[in-house]
Amino acid sequence: MATEFQRRVWEALRLIPEGRVTSYGALAEYLGTRAVRAVGTAVGKNPYAPEVPCHRVVRADGRIGRYSGGEGVATKIALLKKEGVEVRDGKIVGFASKLYRFGDQQCTRPSGS
DNA sequence: AGCGTGACGAACT
DNA sequence: TAGTTCGCCACGC
């Protein structure tokens, strides 16, 4: 059984749009914790992969990081590539522009508050 | 109850 | 520029 913390992490993963990626650090920030280690551990224990897009979480430097499902990192890269995220030598191509930030509105809000 | 581990990150050398 | 060290907090033993 998962803990409250874990479920919160997995729920956050669902917010990541296709073709975009996020970092463990951004995820931790969204969760309100500095424990990126704990977040990583939580993501790795996600039992709903790849239904929950845990493969869209990469390291802060644009590297792939790790992956527990399928063929490991190879599967993670394949999934990302299918979504339009190119990976070169283990690193995300155009990482900065593909990095998703939680709460970042892509559409202008309908009418201010 | 305490200790070690871990899908990380930033600083230091 | 690359490799190493310390810090971080949740979880299992």
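What you see below is based on every heavy atom in this structure, not just the backbone, and it leaves out hydrogens, waters and symmetry mates. Proteins come first, then strands; the chains are lettered A, B, ... in the order of their sequence lines, and each starts at number 1.
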(message) Taking atom types as they are modelled, would you say the side chain of A/Arg37 forms a donor-acceptor pair with the base of B/dC8 within the 3.5 Å cutoff?
(response)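 For A/Arg37, whose side chain was compared with the base of B/dC8, there is a donor-acceptor pair (under 3.5 Å).
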[X] has an atom [atom1]; how far is it from atom [atom2] of [N], in whole Å?
X: A/Phe95; N: B/dG9; atom1: CZ; atom2: C1'; result: 12 Å
X: A/Asp61; N: B/dC8; atom1: CG; atom2: C1'; result: 10 Å
X: A/Tyr30; N: C/dC9; atom1: OH; atom2: P; result: 20 Å
X: A/Arg59; N: B/dG6; atom1: CZ; atom2: C1'; result: 12 Å
X: A/Lys91; N: C/dT1; atom1: NZ; atom2: P; result: 13 Å
X: A/Lys45; N: C/dC11; atom1: NZ; atom2: P; result: 7 Å
X: A/Tyr24; N: B/dA10; atom1: OH; atom2: C1'; result: 17 Å
X: A/Ile64; N: B/dG9; atom1: CD1; atom2: P; result: 12 Å

(request) Report the nucleotide, chosen from B/dG6, C/dC8, B/dC8, that has the shortest atom-to-atom distance to any side-chain atom of A/Arg34. (result)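 Nucleotide nearest to A/Arg34's side chain: C/dC8.
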Taking all non-hydrogen atoms of both residues, which atom of [X] and which atom of [Y] are closest, and how far apart?
X: A/Val9; Y: A/Ala42; result: CG2-CB, 3.8 Å
X: A/Pro53; Y: A/Leu13; result: CG-O, 3.1 Å
X: A/Leu80; Y: A/His55; result: CD2-O, 3.5 Å
X: A/Tyr30; Y: A/Ala12; result: CE2-CB, 3.6 Å
X: A/Phe95; Y: A/Val58; result: CE1-CG2, 3.5 Å

(message) Using only atom types and a distance under 3.5 Å, with no angle test, would you say the side chain of A/Arg59 pairs donor to acceptor with the backbone of A/Ile64?
(response)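 Not at all, since once roles are kept as given, no pair shorter than 3.5 Å links the two residues.
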(request) Could you pick out which residue, A/Gly25 or A/Val39, lies toward the 5' side of DNA chain B when each is mapped onto its nearest nucleotide? (result)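 Upstream on the strand: A/Val39.
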(message) For A/Ala38 and A/Ser23, find the nucleotide of DNA chain B closest to each by heavy atoms; which residue's nucleotide sits nearer the 5' end?
(response)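 So the residue in question is A/Ala38.
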(request) Describe the nucleic acid contact of A/Thr33 in one word from base, sugar-phosphate, nothing, applying a heavy-atom distance below 4.0 Å. (result)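 Touches sugar-phosphate only.
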(message) Nearest 0.5 Å, please: how far is CZ in A/Arg7 from CG in A/Asn46?
(response)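 Those atoms lie 13.5 Å apart.
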(request) Could you identify which residues of residues 2-16 of chain A place a heavy atom less than 4.0 Å from some atom of DNA chain C, listed by residue number, or say none? (result)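 A/Thr3, A/Phe5, A/Gln6, in order of number.
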